[in-house]
Amino acid sequence: MSLVLSPIVAHANAVWIDVRTEAEHRQSHIDGDPLIPHTRIVAQVTERFPDKDTEINLYCRSGNRAGKAKAALERAGYTNVENKGSLAEARQERGL
């Protein structure tokens with residue numbers, strides 16, 4: 001018998017990361033999401049989330065820095081990384 005995770009369980013394990021600056025994060029953020037500026041993304045993600053198959057969702061102000069962070073993580077071997085765009089889009093997708 002094989003175990004199949006439902007989409008709800010899989011979604012619950014996703015990591016959401018704010019890749020903006022500390023100043024932007026202080027102005028507005030999603031409670032519980034770690035702040036890892038895009039310039040430090042690889043070092044901090046490999047330390048905090050060593051499983052390269054971790055579902056990682058990135059967002060910033062417009063999606064530009066999240067795209068740079070996504071590319072850096074993919075170069076580091078991460079296989080399940082998504083650019084979710086802006087903070088507002090991340091909130092909307094999650095119903096916050």
Side-chain angles (χ1 to χ4, degrees):
M1 181 173 155
S2 65
L3 175 66
V4 177
L5 295 178
S6 71
I8 294 171
V9 172
H11 181 74
N13 295 327
V15 175
W16 288 78
I17 301 174
D18 183 344
V19 300
R20 300 174 302 149
T21 65
E22 290 181 27
E24 289 171 310
H25 189 262
R26 279 193 301 271
Q27 289 178 339
S28 180
H29 63 273
I30 298 174
D31 288 338
D33 290 355
L35 170 67
I36 303 176
H38 78 286
T39 55
R40 299 189 303 240
I41 195 74
V42 173
Q44 290 192 24
V45 166
T46 54
E47 182 180 311
R48 293 174 75 169
F49 309 103
D51 179 355
K52 303 275 183 168
D53 294 324
T54 300
E55 183 180 347
I56 300 174
N57 298 301
L58 306 169
Y59 61 90
C60 59
R61 184 178 51 83
S62 67
N64 184 37
R65 287 172 285 179
K68 290 177 182 179
K70 177 182 187 290
L73 288 171
E74 287 173 340
R75 283 192 303 272
Y78 283 83
T79 61
N80 196 7
V81 183
E82 292 292 326
N83 177 351
K84 295 298 186 172
S86 69
L87 171 62
E89 289 168 318
R91 281 190 170 126
Q92 182 177 11
E93 181 169 330
R94 295 160 72 188
L96 303 176

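One is the number of the first residue; the rest follow in order along the sequence.
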Exercise. K52 and A76: which non-hydrogen atoms are nearest, and at how many Å?
Worked result: NZ-O, 2.6 Å
Problem set entry | For N64, all residues meeting side chain to side chain contact (heavy atoms under 4.5 Å, CB included), sequence neighbours excluded | S62, K68
Problem set entry | Smallest separation among heavy atoms of V19 and A69, with atom names | CG1-CB, 4.1 Å
Problem set entry | Stepwise side-chain contact (heavy atoms from CB on, under 4.5 Å) test for R94 and D33 | CA-CA 12 Å; R94 295 160 72 188; D33 290 355; 2.7 Å; yes
For this session: Starting at CZ of R65, measure out to OH of Y59 and round the result to the nearest 0.5 Å.
Result: 12.0 Å
Seminar exercise, completed: Between A66 and G85, the two heavy atoms sitting closest are CB-O, 4.4 Å
Under 3.5 Å, side-chain donor or acceptor atoms of residues 34-51 against the rest of the protein: list the pairs with distances, not counting sequence neighbours.
unit_1, atom_1, unit_2, atom_2, d
T46, OG1, V42, O, 2.8
T46, OG1, A43, O, 3.1
D51, OD1, D53, N, 2.9

Problem set entry | R20, H29, E24, R61 screened by side chain to side chain contact (heavy atoms under 4.5 Å, CB included) with L87, the one that passes | R20
For this session: Nearest 0.5 Å please: distance from the CG atom of L73 over to the CD1 atom of I17.
Result: 7.0 Å
For this session: Would you list the pairs meeting salt bridge (Lys or Arg N to Asp or Glu O under 4.0 Å) in which at least one residue belongs to residues 72-86, sequence neighbours left out?
Result: K70-E74, K84-E93
Exercise. Roughly how far, to the nearest 0.5 Å, is CG of N80 from OG1 of T54?
Worked result: 8.5 Å
Exercise. Going through the distances and angles, do I30 and W16 end up as a side-chain contact (heavy atoms from CB on, under 4.5 Å)?
Worked result: CA-CA 9 Å; I30 298 174; W16 288 78; 6.0 Å; no
For this session: Output all residues satisfying side chain to side chain donor-acceptor pair (under 3.5 Å) with N83, sequence neighbours left out; order by chain, then residue number.
Result: none
